[in-house]
Amino acid sequence: MKLVLKNLTKAFPNRKKGGEDVIAVNNFDFEIPDGKLIGLLGPSGCGKSTTLNLISGLEAPTSGQIFFGDEDVTNVPPENRGIGLVFQNYALYPHLTVMQNILFPLQNLKGDAKLSKEEMNAKAIEVAKLVQIDELLDRKPSELSGGQQQRVAIARALVKKPKVLLLDEPLSNLDARLRIQTREEIRRIQKETGITTIFVTHDQDEAMSISDLIVVMKNGIVQQIGKPQEVYDNPKNLFVAQFLGVPPINLFKSSFKGKEAYVAIRPEGFEITPNGKYDLNLDVVEVMGRDTSLVCSHNSCVGKNIRCIIPAEKAAGINPGPIKFNANPAKRFVFDLETEERIC
Ligand code: ADP
Ligand code: MG
């Protein structure tokens, strides 16, 4: 199912008396293609959950429209939109077993949609197998790990075969290893089912690794939409350049075409060589195993320091003190000092 957001805006009244409205979602105007996994990415408070709530119908927009395929669903109640929802805190019913939790959405179906007990059981078992919890059907949520609980929540969201699956920071309660495992699972499940999925996260690594497309947001405004690698390689503005990438992109205030500008270089964009064009002072060499991180300083650096990531085998013989480098042009961007838009 293709989704279209048309001039979609949500304003909340300010809690402070006389304060301006908070525009949580500001004039969103884009299309989410059918069958893809979209990562909605941005810092806390940028309007990700509000966007999801508008799509699900839990919130009504201040203005604008939402289409599922060709159907305008702006005024359709959530239960009739054909969506599956998964939240950070799983929201399972603690007194019900895994099986009963998964069956729950099927038990309220009315009229033509009503299912027999056998049909319901078959559907529940099918999704339990899909998310690989079919061994745990008799357990209560308290007897499951966080990762298993989130799988149950995903199964429950999928059991009615939604047209759109909406996941709001689904991995935030899991530890680092499980987060990576579960995000790969979500990707697999999305590919197997082909359900158009919107995945909300503040974690750029998470969004980049599993999304077909990412939508980068800031203060309720879409900054850039594209394939993760394209956005990383071609950030439209300084915010996007700084939000994607670990360690973050390095920033210098420098002159460009006779004018002061921000020059930004990705950590992997430094070639350390004695006949390099530019200078750095290498303060600390950090061994990371596969790579080596060079922590450097420079008098026009914006922020605390400069981080260069180089392959470990190239780090031999590089010692603290003055060093020289060349910048890989594909890893270097220039941004206007005032607008912070990309100029080169
Ligand atoms: P995110 O999910 O990206 O962290 P949210 O969508 O939750 O961001 O919030 C976006 C902005 O809207 C924030 O400034 C938040 O304080 C505000 N906001 C969200 N929900 C409400 C609400 N019900 N009433 C007032 N302000 C809200
Ligand atoms: Mg949120």
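Indexing begins at 1, ligand by ligand and atom by atom, following the structure's order. Along the sequence shown, the residues carry numbers beginning at 1.
For atom 19 (C) of ligand 1, the nearest protein heavy atom (residue, atom name, distance) is Phe12 CE1, 3.4 Å. Ranking the protein heavy atoms by distance from atom 5 (P) of ligand 1 puts Thr50 OG1, 3.6 Å first. Considering only non-hydrogen protein atoms, atom 12 (O) of ligand 1 sits nearest to Ala24 CB, 3.4 Å. At the top of the distance list for atom 11 (C) of ligand 1, counting protein heavy atoms only, stands Gly45 O, 3.6 Å. Protein heavy atom in closest approach to atom 7 (O) of ligand 1: Ser49 CB, 3.8 Å. The protein heavy atom nearest to atom 8 (O) of ligand 1 is Gly47 N, 3.2 Å.
The environment of Glu341 atom CD is dense: over 12 non-hydrogen atoms of other residues, nucleotides or ligands sit within 6.0 angstrom. Other residues, nucleotides and ligands place no more than 12 heavy atoms under 6.0 Å from the NZ atom of Lys6. With a 6.0 Å radius and a threshold of 12 heavy atoms from other residues, nucleotides or ligands, Phe30 has its CZ atom above the threshold. Atom CG of Asp138 sits in a sparse spot, with 12 or fewer heavy atoms from other residues, nucleotides or ligands closer than 6.0 Å.
Ring pair Tyr93/His95 is perpendicular by interplanar angle, where above 60° counts as perpendicular and below 30° as parallel.
The shell of residues lying under 4.0 angstrom from ligand 1, judged by heavy atoms, includes Cys46.
Under the 4.0 angstrom criterion, atom 15 (C) of ligand 1 counts as lacking any protein heavy-atom contact. Inside a 4.0 Å radius of atom 24 (N) of ligand 1 there is at least one protein heavy atom.
For Asp203 and Thr201, the side-chain atoms include no donor-acceptor pair closer than 3.5 Å.
Figure legend: Arg332 and Phe252 shown without cation-pi pairing, the cationic atom not lying both under 6.0 angstrom from the six-membered ring centre and within 45 degrees of its axis. Figure legend: Arg151 and Tyr90 shown without cation-pi pairing, the cationic atom not lying both under 6.0 angstrom from the six-membered ring centre and within 45 degrees of its axis.
Short contacts between ligand 1 and Val22, defined as distances under 4.0 Å to a heavy atom of the residue, involve ligand atoms 12 (O), 14 (O).
By the criterion of a separation under 2.8 Å, the protein N/O/S atoms near the Mg ion (ligand 2) amount to Ser49 OG.
Residue Pro13 places no N or O, backbone or side chain, under 3.5 Å from any N or O of ligand 1.
Here Arg15 has side-chain heavy atoms under 4.0 Å from ligand 1, and that is the only part of it that gets that close.
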